[in-house]
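Predicted model only: the values in this text are computed from it and were never measured. Heavy-atom basis, side chains included; hydrogens, waters and symmetry copies ignored.
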Amino acid sequence: MNDCETCAYYYYDEEWQDYVCERDLDEDEYARFLQGQYKECPYYRDGDDYKIASKQ
């Protein structure tokens, strides 16, 4: 599984005072994610802006 800490969708939520994923998963997707059925997160996007800019 990809590391959530490097994902572009992973951010700090002031209200919850914790890091959360801002992707909206439906109930089935969320259950599969919690059960570990995904080998890699299907929504992972590298949040490294320098890596993205170097490809342009």
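Considering only residues two or more places apart in sequence or on other chains, Q37 meets the side chain to side chain donor-acceptor pair (under 3.5 Å) condition with Q35. For Y9, the ring-ring contact (aromatic ring centres under 6.0 Å, His included) test picks out no residue, with sequence neighbours left out.
Atom OH of Y11 has more than 12 heavy atoms from other residues, nucleotides or ligands within 6.0 Å.
Taking 4.5 Å as the limit, every side-chain heavy atom of Y10 sits out of range of all side-chain heavy atoms of E22. For the pair T6/Y44, a side-chain contact is recorded, criterion being any heavy-atom separation below 4.5 Å from C-beta on.
Closest non-hydrogen pair, W16 versus V20, comes out as CE3-CG1, 3.7 Å.
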For residues 23-32, tabulate all N or O donor-acceptor pairs below 3.5 Å that involve a side-chain atom, not counting sequence neighbours.
{"residue": "D26", "atom": "OD1", "partner": "D28", "partner atom": "N", "Å": "3.2"}
{"residue": "D26", "atom": "OD1", "partner": "E29", "partner atom": "N", "Å": "2.8"}
{"residue": "E29", "atom": "OE1", "partner": "D26", "partner atom": "N", "Å": "3.1"}
{"residue": "E29", "atom": "OE1", "partner": "Y43", "partner atom": "OH", "Å": "3.4"}
{"residue": "E29", "atom": "OE2", "partner": "Y43", "partner atom": "OH", "Å": "2.2"}

